[in-house]
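Remember, it's a predicted structure, so these values are computed and weren't measured experimentally. Every number for a ligand or one of its atoms is a count from 1 in the order of the listing.
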Amino acid sequence: VLGLAMDESGLPETAAQRVAIAERIVAEAETYGLDREDIVIDCLTLTISAQQEQAMETLRAVREVHERLGLHCALGVSNISFGLPARVHMTVNFLIQAMHVGLDFPIINPNTKEVMDAVVSFRAVSGEDADCAAYIERFAAEQAEIRRRKELGITDAAADVKSDTPTAEGDAEIDPLMDAIMRGLSDDAEQIARRLLANTAPMDIIQDKVIPALDIVGDRYEKEIIFLPQLINAANAATAALELIKAKLAENGQGISKGKVILATVEGDIHDIGKNIVKVVLENYGYQIIDLGRDVPVQRVVEVAIEKKVGLIGLSALMTTTVTAMKRTIDALHEAGHECQTVVGGAVLTEDYAREIGADYYAADARSAVEIARSVLG
Ligand code: B1M
């Protein structure tokens, strides 16, 4: 049942009058056995160019009808901008404000791009669009096209935008575990990893599937083919697979400690997938790991190194912006005069750079971290 919030005496001027009419409509509808969820009230959009004060009255009415009476609300949205230039700006603004206060049946033209862009954006902000999936689907292609044109030096912003979203191009041939990680499917990644572990060495799964998948994800993120929610989902899927793989690796661990190693992802950096792999592998080879976690302040590394008399400090950094924190940590260890060796790793590092920041060793991967631990601690 669609009810208009007006009666015999015409268009009510205040929100309170419209809400009172809505209450009458509900009372009447209920005598016919109708449920509230089947009643939609239209609180009336008047045109702002003629009755400016009415816009807020409409919004107040929608809020109350939605929140207090618990009813659905409809509005013929574009009437707000009648008689004005560039109507779409006003229409979109009113639409979003109305949706925010409870408009759930907007009467709009779905062929107007700006209007639908606004609806899709609103749903992401309101949380209805989980992981901003619909938002990304709508705009990823547009973003990629803008980037492509920028790279080609094309300035015409009004160019046609391709509608296909380049999310899964070329995935057809990809390994199932890599595919699950890239798509951010944690359950699938876990199940596939479980199956693989039956006949594949855990480190091979990490090296040949998990890391390459994350590399592709990182590359796509950088090229704005995928976006942060998808990056996070991929990281979670990789972590789900790695939890199983790490448990398998840990089964082979030895009981005797060959020496203590501190591991930390440096200050300002929260990437810890690589560090955690290094941890499990080193433990596997009998080293006792003091894992300080991620985003670890410089001084904390120094304090623990001195307190626990640790001979090898391993630092991880994944961003160009955080390798400076790595250098500060190494400098602080030197300044504190603590006798120890440092090993650094992480995708952005190179052997040369490691030397430049004063690290004693550079480890390209977990296996070389083991070699280094062997030569430092035995
Ligand atoms: Co981010 N991220 N991320 N990210 N992320 C990168 C690093 C990036 C390169 C992606 C890109 O744009 N191409 C980019 C950095 C760009 C740059 O600085 N050059 C980036 C960015 C920008 C960001 C954010 C800023 C995004 C944002 O919010 N706008 C944000 C950072 C927030 C912060 O840290 N303050 C961010 C967030 C995230 C997630 C949370 C979503 C997630 C991390 C989840 C987690 O770690 N718990 C994530 C991920 C997953 C990545 C990528 C895709 C993959 C990283 C990874 O885990 N690789 C990454 C792109 C890429 O690397 N290709 C990217 C697999 C891992 C096993 O490899 O860590 O290199 P790696 O470890 C290896 C070796 O390097 C070595 O051994 C490991 C095993 O072989 N190793 C060591 C590593 N540490 C070692 C230490 C050692 C020894 C060896 O001794 C101590």
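Heavy atoms of other residues, nucleotides or ligands lying less than 6.0 angstrom from CZ of R87 number more than 12. Dense packing is recorded around CZ of F227, with more than 12 heavy atoms of other residues, nucleotides or ligands lying under 6.0 Å away. The number of heavy atoms from other shown groups lying within 6.0 Å of NE2 (H89) does not exceed 12.
Residue-level contacts of ligand 1 at the 4.0 Å heavy-atom threshold are Q207, I211, L214, D215, G218, Y221, E222, L228, L231, I232, A235, L263, G268, D269, I270, H271, D272, I273, G274, I277, V278, R294, G314, L315, S316, L318, M319, T320, V343, G345, G346, A347, V348, A363, A364, D365, A366.
Here R60 pairs with E57 in a salt bridge; the nearest charged N to carboxylate O distance falls below 4.0 Å. Using a 4.0 Å cut-off between charged nitrogen and carboxylate oxygen, E356 and K327 do not count as a salt-bridge pair.
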List the atom pairs, with distances to 0.1 Å, where a side-chain N or O of residues 369-378 and a protein N or O form a donor-acceptor pair under 3.5 Å, not counting sequence neighbours.
from, atom 1, to, atom 2, distance (Å)
E371, OE2, R374, NH1, 3.2
S375, OG, I372, O, 3.0

